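Order of the sequence lines sets the chain letters (A, B, ...), proteins ahead of strands, with each chain counted from 1. Not measured: the values here are computed from a predicted model.
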Amino acid sequence: MNKNQANEFVFLFRQPALNLSPEGQGELQKKWMDWVGSIAAQGKLASNGIHLAAEGSVLKAGGVVTDGPFVEIREILGGFIVVKADTMDDAITLAHGCPGIDVGGSVEIRTAFA
Amino acid sequence: MNKNQANEFVFLFRQPALNLSPEGQGELQKKWMDWVGSIAAQGKLASNGIHLAAEGSVLKAGGVVTDGPFVEIREILGGFIVVKADTMDDAITLAHGCPGIDVGGSVEIRTAFA
Amino acid sequence: MEQHQAALKHLFKQEFTKMVAVISKLYGLQHIEIAEDIVTETFLVATETWEHKGIPLNPAAWLYTVAKQKTLQHFRRNKTYTEKVIPRLNLDQEEHEEMAELNFSYRNIKDSQLQMLFAVCTPLIASEAQIGLALRILCGFGIDEIAEAFLSNKETINKRLFRAKEKLRNERIQLELPPEGEISRRLDNVLHIVYLLFSEGYYSKTQNEILRKDFCIEALRLGLMLTEYDKTNLPKTNALIALMCFHASRFNARQIGEEAPVLYEQQDVTLWDQELIHQGIHFLNLSAQGNEITSYHLEARIAYWHSLKQDTREKWENILQLYNQLLLINYSPMVALNRTYALYKANGQHAALIEAEKLKLEHNHFYYLLLGELYKTIDEAKAKSNYENAKALAKTQTERQGIQKKIDQLG
Amino acid sequence: MEQHQAALKHLFKQEFTKMVAVISKLYGLQHIEIAEDIVTETFLVATETWEHKGIPLNPAAWLYTVAKQKTLQHFRRNKTYTEKVIPRLNLDQEEHEEMAELNFSYRNIKDSQLQMLFAVCTPLIASEAQIGLALRILCGFGIDEIAEAFLSNKETINKRLFRAKEKLRNERIQLELPPEGEISRRLDNVLHIVYLLFSEGYYSKTQNEILRKDFCIEALRLGLMLTEYDKTNLPKTNALIALMCFHASRFNARQIGEEAPVLYEQQDVTLWDQELIHQGIHFLNLSAQGNEITSYHLEARIAYWHSLKQDTREKWENILQLYNQLLLINYSPMVALNRTYALYKANGQHAALIEAEKLKLEHNHFYYLLLGELYKTIDEAKAKSNYENAKALAKTQTERQGIQKKIDQLG
């Protein structure tokens, strides 16, 4: 396996819909930047990823379309980043401190391949 | 809003773990390529995305780490692509025919922003 | 005598590019027109002399000797040049002392030609101008031939070449290889131009079959030239050569006299050039080294599958998957159409129709031709209306006649 | 007389770059050494003449006239040059006729200098060589000054410059602006070199304060030169200028006599140059146009916040966020360390310690300095051992002495 590819992990961020004031939102946003900045400061950020708007639809068997991903999945996927780490354990260590976790969310850590 | 950004949507692919023979896997892979090829043939593929290995971990509040994303979420996120479409409805139309749906999966369609 | 003339013409064409490259190398690319003049004068002397005395044993060496004298004379005779041109030469001290001595060694000819290839294919010149310049300077075609290939006239081509050379001068393009670190990137542009040259022959509008074949052969020759140097003999170079070999192998099959190009499905496979197909497979194997997969790789593999006579589902399924990959690298309407045609051959009309209807290439007559083809056995009325659309959008009388035939064949 | 000498030196430095650019423009960059010789001879004549007859009313015009004569003489006198150099000139016919006439118009000087800036900053030359060349050719510094700035000797600098000029010749760099479509991309390299020049002055190892300031001023001048042309006056250019203004404003505060650079927190803010800070804000506003956010934008904003005297949490929170963004664009150990320092000032030692421990920059003495600083009020033993690590890794005696002071100040 190619070394460059083996060492990339995707962090998937899930978080329930929050009802925050603009200040609260700004505060959370700052915490996110501090957390991503911390990973970047360690030279371990491979890609800043894509951010997803909350609105969305889910398409399922039989052409069933449900509004928003909320119905089935309690925690909505808000975006992802790609990090560099030697092992899955190192990647999990990097994921610690993610501000989404403190507001009821989770980080899913997955090995990436092109 | 910037026009280029407004018109990009992310397709998130979820699918239960499948127990396929190598032939079955090859067949499904071909169907995926045909489906992505169809979107690309319409000139509507913005990025071929990142593919995710099945193994993974989920980090939650209190530092709880669970093996694999399967525990909580029945359908595992397998990857994503980014498509160009004028509206969410057009994006949903593009998502139709995704081979993951036929094997018990779903496509979540979300507006992307940088 | 006819044959004698043709042989001479062939020799001149070949030596033209070599001598122009070597003279330009010495006096700088900005004086390419002087180099052309000297070579043309050399050919005039050769024609006259050889007519009386017969062709010498080593005609190339004879030409080089005369070109050397002409060059010296040219620069001595023209006082203006000594004052205005010599001052602009790019000479090292050693080169300067060898000024009187053009170097027509095998190595120097090859080096100068490769440098000329990179100079003409500089990204600083628009590719349209590069094609004409490449045909003249790199392949030695006459203005009349280029005009014929482009269905144009000599005056227009001369103007276009003049502007291209002016551009070479203004951008101060040097006759040299790019710095080592940039060769692979610059090579992309060179390969692109070589492929455009090939396509110019393969899809040319002219009916002059010999001329069109010559274009393809010249493009192949330039591609092979790139394989003689380690730095340019990359997998993508081999992929492009493989692609050109496979295409060229069908050259004869595509032609029936002066008729329109024969559709792939109607080609006489006994006319396919097996030698070129084998060459293609050889270069296709070489291209598989390394990790980079370029569009040339995918197109060459598609062409390889097309070179197999049997019309199996496996073949079309492979072609379909290659087109899928090609679309991920580089979308184009023609690739989208070809992908849909492969889908039709692999999975049938109904599957292909659904996909075809999504393409909405409403200004493309090939799109309506494809729709007509797909509807033919399903809905004759729809087939007819699509063929009519195709005919209305077709650009040449020949194409319109071909489409009318299809309409007539419907029920 | 001292002052008179200094004024002359300043004039010569300024005119050196102009005259070398104009002469090189005419005779080609490959003859830059001849241009340098002519200008140096011109200065010799000026020194001798002016000592007896006094400085003329328009010294620049006087120098231009002598340089013109010298240039003509030089090319007439040297028969070898007429035969070997003249043949290599790049002249248009008109230029050729004006050969005797160097054009020292304001416009031509500016154009030639801008072209020289792009030529010296070609990506084909390694940035190390570019710095020396830029200091000599673009800024007019003497070999002795460059040697002093680099803590090197004249011989080494001369060798380095010789190799850089050889590279200019071998790569056949032309004295010209890049084609329009490439200017923005090539500008990135020019801005990079200008910033390196500035840093060479700002962070130089030499104790010669005047020389170091001169480097910074010259870098600023080159930046401002780029704002005089629409095509190079882009938001990123303004961002770089803003950045240099903010940094330069603290130049005096950073120095206490011949001592080591004063740490930011210990600087005497009354020594900050408010005029330069206002200039910085002006260019920072200009840089906000357009969508591109370069690292110069982020660094200039950080420098802006540093220019505010009050040490508020808001200030450090803003600096922290800007460093976070900077890391997303471009990771470097120094940015990672500065980000952690900002975190300390915004969120306290404990938060910063956790982050600092993760950086693991084990070969960087600034890393241990930061750790020592963070442990100072938490764990003196750990503070001491980190300072000891820093001392062991520090590269100069001055640094080691400064760190020893910190150790002595602990408990």
*asked:* Is F80(B) close to chain A through its backbone or its side chain, or both, or neither, when contacts mean heavy atoms under 4.5 Å?
replied: side chain

*asked:* Quick check for you: among I101(A), L12(A), L59(A), which has the greatest number of heavy-atom pairs under 4.5 Å with chain B?
replied: L59(A)

*K30(B), NZ: over 12 other non-hydrogen atoms inside 6.0 angstrom*: yes

*Locate the shortest heavy-atom distance separating I50(B) from A112(A); write the atom from each residue and the value.*
CG2-CB, 3.7 Å

_Heavy-atom contact with chain A under 4.5 Å, split by part of V82(B)_ = side chain

*Who among I92(B), D102(B), V103(B) has the most heavy-atom pairs with chain A under 4.5 Å?*
I92(B)

*asked:* For a 4.5 angstrom cut-off between non-hydrogen side-chain atoms, does L77(B) reach R110(A)?
replied: yes

